[in-house]
Amino acid sequence: MAEASGTANIGVVGMAVMGSNLARNLASREGNTVAVYNRSPERTRKLVSEHPEAGFVASESVDDFVASLAKPRTAIIMVQAGAGTDAVISELAERFEPGDIIVDGGNANFHDTIRREKDVSASGIHFVGTGISGGEEGALKGPSIMPGGTAEAYKTLGPILASIAAVAEGEPCVTHIGTDGAGHFVKMVHNGIEYADMQLIAEAYDLLRTITKREPAELAEVFTAWNSGDLESYLIEITAEILKQVDAETGKPFVDIVLDQAGAKGTGSWTVQNALDLGVPVGGIAEAVFARSLSSHPEQREAVQATISSRPDVVEVDVDTFADDIRAALYASKVVAYAQGFDEIVAGAAQYGWNIDKGAVAKIWRAGCIIRAQFLNRIVEAYEKNPDITTLLEDPYFASAVADGEAAWRRVVSTAALSGVPVPGFGAALSYYDALSVKRLPAALVQGQRDFFGAHTYKRIEKEGTFHTLWSGDRTEIESAPSTH
Ligand code: NAP
């Protein structure tokens, strides 16, 4: 492979599925000359020979790859997250000059991105942690792109990323999210919301299947119908396709031949772990992550099943009315999951010093990524009306959408409980909504318990100050310094 000095405006390192698709996407856009490099040269050779139309500038050494980039050099790393990414960053950083840009497009943990940005920027090189969503197809045809890093790096990088991003209503699905790890943080929350959305759809399917006793092919029609209303989304669309699928080997519905143990790659757990650290209740997202974990403990499932002699009879329902109720419950629960995700973005931005435009985030999720949906336009509008709302549930559109579906939501959750159908997502979302809605929470009793056993103190409703009751003494109240533990 011939080295061409300084001709490529952009380079990609890592020629596995994501990197090669992203490189092909870049090469297909006017004005881009794309340098490519992979640790094992076989992958690069294969890509170059299969796609001569791309005009790739290919290299088999890091030195040649770096030499093939025009200044300021810009390279996107698409290699295995973790140690692989660190290895490539240090190889590039050794050779790059101040003003050059290293982009990590992998699924990095944003804490790693913050660390890497600090290390790399110390030598004047820009480091841009960038979330890329849309899987293999998105990388090739147009993903949703969430770059962090400096505003200065975004001046060079922004137009290149805009050239390959998905387009929603005429706008490219890319925006500068914020500094250092902001892009990977928002990508992490995107994935957490994705977990919740998928779990809620799966629960809707399970309820319809178990309680209305309809076959997957019939349910595919229900999901297809839902896909033309306010639930219209990529995930609803592919659900209908999956339910239609028949296994060629057995003739059974595809959904009946797949082992019911769901996998996970970690970004969902990160969303929940960070929400715990930030003190943001994301129960809808957490239940979705836990539902996958639970499904993957067959030993516990079998052990409990062995103790049970009978399961509840399913509640008799009117099929069409119940399907309508589930649609409403799904929508309301989905609103809650997105509200929780955006709460985490707000809290993360405050904690890490990012100025994140929530409406712009919702905009770039409208196409290219897995949670792409019409619904995101409503979130854009909510933040356009008032960027400082304390929760999406406060927005008049979402408040009335949830209120309109509330009775149906309660019918669905109670019917599920009576029929023995697990609905951790629907249930958690409804409880969250109720907890925000009631005037008084039992947290007052919890404060009493904390004060009883640990002298953690409490505040009173009607007067300022911090108090402690002498529980093991005469039970009188004293004014006290606030507890530090
Ligand atoms: P991958 O299977 O995660 O990683 C394989 C690539 O990493 C190969 O090019 C491999 O090079 C390279 N690599 C691993 N260790 C390396 C090291 N120490 N030094 C240099 N190169 C090393 O590839 P992928 O599925 O295409 O994903 C790439 C990145 O995109 C990952 O961070 C992934 O999480 C992220 N991502 C993936 C998806 C998806 O849908 N797959 C979606 C969004 C983001 P060799 O060929 O030499 O082994």
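In listed order, ligands and their atoms are each counted from 1.
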With Arg327, which residues qualify under salt bridge (Lys or Arg N to Asp or Glu O under 4.0 Å), at least two apart? Asp230
What's the separation between atom CG in Asn377 and atom CD in Glu384, rounded to the nearest 0.5 Å? 9.0 Å
Is it true that Phe185 and Trp354 have ring centroids separated by less than 6.0 Å? yes
Can you pull the residues with any heavy atom under 4.0 Å from ligand 1? Gly14, Met15, Ala16, Val17, Met18, Asn38, Arg39, Ser40, Arg43, Met78, Val79, Gln80, Ala81, Gly84, Ala87, Val88, Gly106, Asn107, Ile132, Gly135
Hey, is the main chain of Glu136 close enough, under 3.5 Å, to the side chain of Asn21 for a donor-acceptor pair? yes
Ion pair Arg366/Glu171, N-O distance below 4.0 Å: yes
Take atom OH in Tyr352; do more than 12 heavy atoms of anything else shown fall under 6.0 Å from it? yes
